[in-house]
Each structure stands twice: as C-alpha cells, then as structure tokens.
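Structure first, then comments.
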Amino acid sequence: MSPAQLKKLQELSQVFSQGKANPKQIQQLSTLLAQINLYDQEEKSSASDNINFIAAPRFG
C-alpha cells in the first residue's frame, strides 16, 4: 500500500466512523480497497514465483 493510499484510507475511515459517508466516499473506499487487494494479490503471486520447494527425504 502506498503512502497516498494509506492516507486516503485513514481519511475515509474517519468519515465512516462518524457515520457521515456519502455515496462518492463509499465508491472511493470500494475502489481503494480493490486496488489494495489487487496489489496484495500481485505481491503474493510474485513472491510465490520465487519459492522453490524441495521434497523432504524419505526414510525407510
């Protein structure tokens, strides 16, 4: 999550916690969360691309 996304999330969180969110802010939050989730999924995907699994030795 970028610093700008974090700041926007904090601002929207404040508005929502006060119960004052308007439809535009609801849409902004939805878009922001989708961007954050997509970034998180891409990070996990690229991290798993670099993982090499080594089979455990079999005894017996």
Side-chain angles (χ1 to χ4, degrees):
M1 179 178 351
S2 74
Q5 288 175 322
L6 179 58
K7 182 178 179 183
K8 188 63 178 177
L9 184 57
Q10 289 170 335
E11 292 170 0
L12 290 170
S13 176
Q14 177 95 19
V15 173
F16 273 76
S17 68
Q18 296 170 354
K20 298 180 181 179
N22 62 40
K24 181 180 177 183
Q25 290 164 323
I26 294 169
Q27 181 60 45
Q28 288 175 337
L29 180 62
S30 176
T31 301
L32 179 60
L33 292 174
Q35 291 171 350
I36 293 168
N37 285 334
L38 180 61
Y39 175 80
D40 187 50
Q41 289 173 356
E42 289 173 353
E43 284 292 306
K44 287 179 183 175
S45 177
S46 67
S48 67
D49 290 344
N50 297 327
I51 297 173
N52 293 318
F53 291 97
I54 300 172
R58 296 181 184 208
F59 298 103

Within the distance-only criterion (no hydrogens, no angle test), does the side chain of Q14 pair as donor or acceptor with the backbone N or O of E11 below 3.5 angstrom?
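No: the side chain of Q14 does not pair with the backbone of E11.
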
Distance (rounded to the nearest 0.5 Å) between L9 CG and S2 OG:
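L9 atom CG to S2 atom OG measures 10.5 Å (nearest 0.5 Å).
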
Distance check, rounded to the nearest 0.5 Å: Q35 atom CD versus S30 atom OG?
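OG of S30 is found 10.0 Å from CD of Q35.
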
Nearest non-hydrogen partners of K20 and Q25, listed with the distance:
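Closest heavy-atom pair between K20 and Q25: O-OE1, 3.6 Å.
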
Hydrophobic cluster identity match, V15 and L33, side-chain contacts under 4.5 Å
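They do not share one cluster, since no chain of ILVMFWY contacts under 4.5 Å joins V15 to L33.
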
Ignoring hydrogens and geometry beyond distance, is a side-chain donor-acceptor pair present between Q27 and T31 at under 3.5 Å?
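Looking only at side-chain atoms, T31 and Q27 do form a donor-acceptor pair, the distance falling under 3.5 Å.
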
